[in-house]
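See structure below.
Lettering of chains follows the sequences in order, A, B, ..., and the numbering in each one begins at 1.
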Amino acid sequence: MTWIRRRFRPEQIRELSLLVLILAAVLFFGTQVENYYSPRTFVRITTSVAILVVMAVGQTLVVLTRNIDLSVGSIVGFTAYFVGTMLARNNEMSPAAAVLLAVGVGTAMGAVNGAIIAYGRVPAIITTLGTLAIYRTLLVEFANAQTVITASLPGWVIDLPRVNLLSVGGLDVRLMVGVALLVVFLFQLLLSYLRYGRLLYAIGSNPDAAQFVGLSVQRTVFLAYLLCGALTGLAGFMFLARFGNITVVAGQGMELQVVAAVVVGGVNIFGGSGSMLGALLGTVLIATLEQSLLRWAQISEFWRDAILGLLILLAIAADAVILERLRALWARAHQAG
Amino acid sequence: MKRLWTSLAALLILALVIGACAAPAPPAAAPAEEPAPAEEAEPAQEEAPAAEGAPAVDMVLLPKFLGILVFDQAYQGAQEAHQEIGNPGKLEFLGPTPENSVQGQIEIVTTAATQGMDAIMISNNAGDQIVPAAKAAKEAGMTVVTWDSPIPSAEGEDLFVAQVDFDETGKVMAEMALSILGEDGGKLAILSASPDAANQNAWNAAFQEVLETDPKYANLELVDLVYGNDQSEDSYNQALALVDKYPDLELIMAPTTVGIAAAAKAMQDEGLCDKVKVSGLGLPAEMVSYTLNGCAPEFALWSFKDLGYLTYYVTYLLATGQIEAQEGVTFEAGRMGSYTIEKDPTRDRGLRVLMGPFTIYTAENVEEAAK
């Protein structure tokens, strides 16, 4: 115990409390939903979060700098539609080219956000609310009332959601889930060990101080939006593969899901603290609650959203209490030592 | 250099503030206005003199929102009727953006009235919230016709052009369910759009009614009704949840084009197509691959082009006073023949014109229709 106390600060093991909450949810719904402890539940939950996790990683980068990106729902929709159209026109396009195209489109949209916010000094919430509407309108114009249809896409795109990375006794880890986990892992490394990652925390903790000591605030924030756009573009490609038919409403409302997941994951909305692992666990917690409620026969359709909201609030409150306890524990140990 | 950046920033801020204030609300009308008058209304006006003395009526076709294929098809039908009649007035296709559907629709109805348009044709997505705006439009002398989805209370509306009889929808769905599940029947569930869509609710009610009352369908057991909110994501998750909740489920019936396609994709992704079939109302182009691979062997739809055509005709006749919105009035609608205005049996009040019928799509005819 002392070893743990000496090694870590409470904030660093706050992910533990999220794990406890996920475990509690799984234990509870195990008693309520028939056949809950099956590999199938695992597959359902993991596949349903893959897209959101990739977006949450991008959002975390931005939120760490005390900014926000609300335009991601429209970026996902636009990239999914754009790449879908290109693939429909040219079925021969290689998978790598298609993914690069999606990432490229997302990056460009993220760059617009970043330029306006970092160099134009316009508040992030205003900028991205504006681009949320602008990107969606671009999509409506570009789409010209046509739908990207499954039949027009090359087979490998449609079959992508089915591809298993590994499968042990029905416990499938799908390729898209693997991609999401890889993204989390790589960006967690970036946050922990690269100078750029530490800069994000420094700027988010105190933007003015960061400016005074000569950190490149503008460039860092710009780059955060760029990366967020790139990851959201990747998520757009995954969206295309998962749903096949893409209309102008694709990805609508996802921005709020992502922000909710990131906040539940303990990423401070005022910047400066949080981790990719937390964002992942936050997304998984919400998805676990959502998927379990869908299968809980006791709950009527109309109460589900309200209960989901309540559970999320409970989770955040519980998280705060657990963290408070941990802090007290640490403080006492510190005094004693 | 510094100066340049400052002024650039100032410019951006200005643009952004204007953009941010203007963006969320007015895009409603903005994107639509460009294509409509530029590409469509003008050529129509040029051709107008050909038809001798057709009175001018300025008309607005208002879809639930822009960017969806079926509404565009309805617009094509309306354009066809517009040119056939030779209306020297203009036909505008105005719709809100998807995320602003309800507010945007109300705004467009209000604007149309203040701008002195003569008639508006609404595919209502705002429930009864649109009533005050529709009433104001009528008081301003406009003809207000709904199509695709009516105003539930019928207040503020002259009449409703129904694509198909709502009871008929119930029967067609039951018939498809029977043909997929066979005589010995099985369990099925409905995946609907949203709980406040008037047409969806009416179809589901009719479907349930047929299943309960007609002994022919006694072996079909309806186990659940869930909503996917016309979002791919929600519908996809709901479809899989249904399969998990009811291990012996054999059919998902989705009377929504978004829902049916998402459900079919979910079954295909999870390798469930042999066990659970998908059916309902769908677009041939979106469904063709699922019909051919057996995930969705049978589904139905009507022609949205015809719906737009018929809606335009009846609205024009009403606006020019050639017919009145009263029970029993009969009129000719160009190539589609003769129709009669009747009491709407699916609402407490209100009049309707019934179009019909359904086309059933199977592996035999879906490829042809998808082109």
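In this structure, the side chains of A/V43 and B/E270 come closer than 4.5 Å at one or more pairs of heavy atoms. Inter-residue side-chain proximity for A/V249 and B/D230 is flagged as unmet; no heavy-atom pair is nearer than 4.5 Å. The shortest distance between side-chain heavy atoms of B/K265 and A/R242 does not fall below 4.5 Å. For the pair A/R162 and B/Q268, the minimum side-chain heavy-atom distance is below 4.5 Å. Within the 4.5 Å cutoff, the side chain of A/N35 has no heavy atoms near those of the B/P247 side chain. Under the 4.5 Å side-chain criterion, counting only non-hydrogen atoms from C-beta, B/E286 is not in contact with A/T150. Here the side chains of A/T247 and B/I68 are in contact, with some heavy-atom distance below 4.5 Å. The shortest distance between side-chain heavy atoms of B/K245 and A/W296 does not fall below 4.5 Å.
In this structure, the portion of B/V288 lying under 4.5 Å from any heavy atom of chain A is its side chain and not its backbone. Contact of A/I158 with chain B is made through backbone and side chain together, with heavy-atom distances under 4.5 Å. When heavy atoms are compared at a cutoff of 4.5 Å, B/A261 approaches chain A by way of both its backbone and its side chain. Only the side chain of B/Q231 comes within less than 4.5 Å of a heavy atom in chain A; its backbone stays farther off. Within the 4.5 angstrom heavy-atom criterion, only backbone atoms of B/L225 (N, CA, C, O) approach chain A. The part of B/F65 that comes within reach of chain A is its side chain, from C-beta onward, which places non-hydrogen atoms under 4.5 angstrom from that chain. In this structure, chain B has a heavy atom under 4.5 Å from the backbone of A/A241, while its side chain stays farther away.
Heavy-atom minimum distance, A/R174 versus B/D269: NH1-O, 4.2 Å. For the pair B/L69 and A/T147, the tightest heavy-atom approach, listed with the atom from each and the gap, is CB-OG1, 4.1 Å. Closest approach of B/L66 and A/V248 over heavy atoms only: O-CG2, 3.4 Å.
More than 12 heavy atoms of other residues, nucleotides or ligands shown are found within 6.0 angstrom of CD on A/Q32. In A/W303, the CH2 atom is not crowded: 12 or fewer heavy atoms of neighbouring residues, nucleotides or ligands sit closer than 6.0 Å. The neighbour count for A/I307 CD1, taken as heavy atoms of other residues, nucleotides or ligands under 6.0 Å away, is above 12.
Distance check: B/N237 CG to A/E290 CD gives 6.5 Å after rounding to the nearest 0.5 Å. Here the straight-line distance linking atom OG of B/S289 with atom CG of A/L153 works out to 9.0 Å at 0.5 Å rounding. Summarising the geometry, atom OG belonging to B/S232 is positioned 6.5 Å from atom CD1 belonging to A/I246; distances are rounded to the nearest 0.5 Å.
When the options A/R295, A/Q291, A/E34 are evaluated for a side chain to side chain contact (heavy atoms under 4.5 Å, CB included) with B/D244, the one that passes is A/R295.
Within residues 273-285 of chain B, the residues having any heavy atom under 4.5 Å from a heavy atom of chain A are, by residue number, B/A285.
Ranking B/V226, B/V258, B/L240, B/L292 against chain A, the residue ahead of the rest is B/L240, based on heavy-atom pairs under 4.5 Å. For the options A/Q146, A/R40, A/R136, heavy-atom pairs under 4.5 Å to chain B are most numerous at A/R40.
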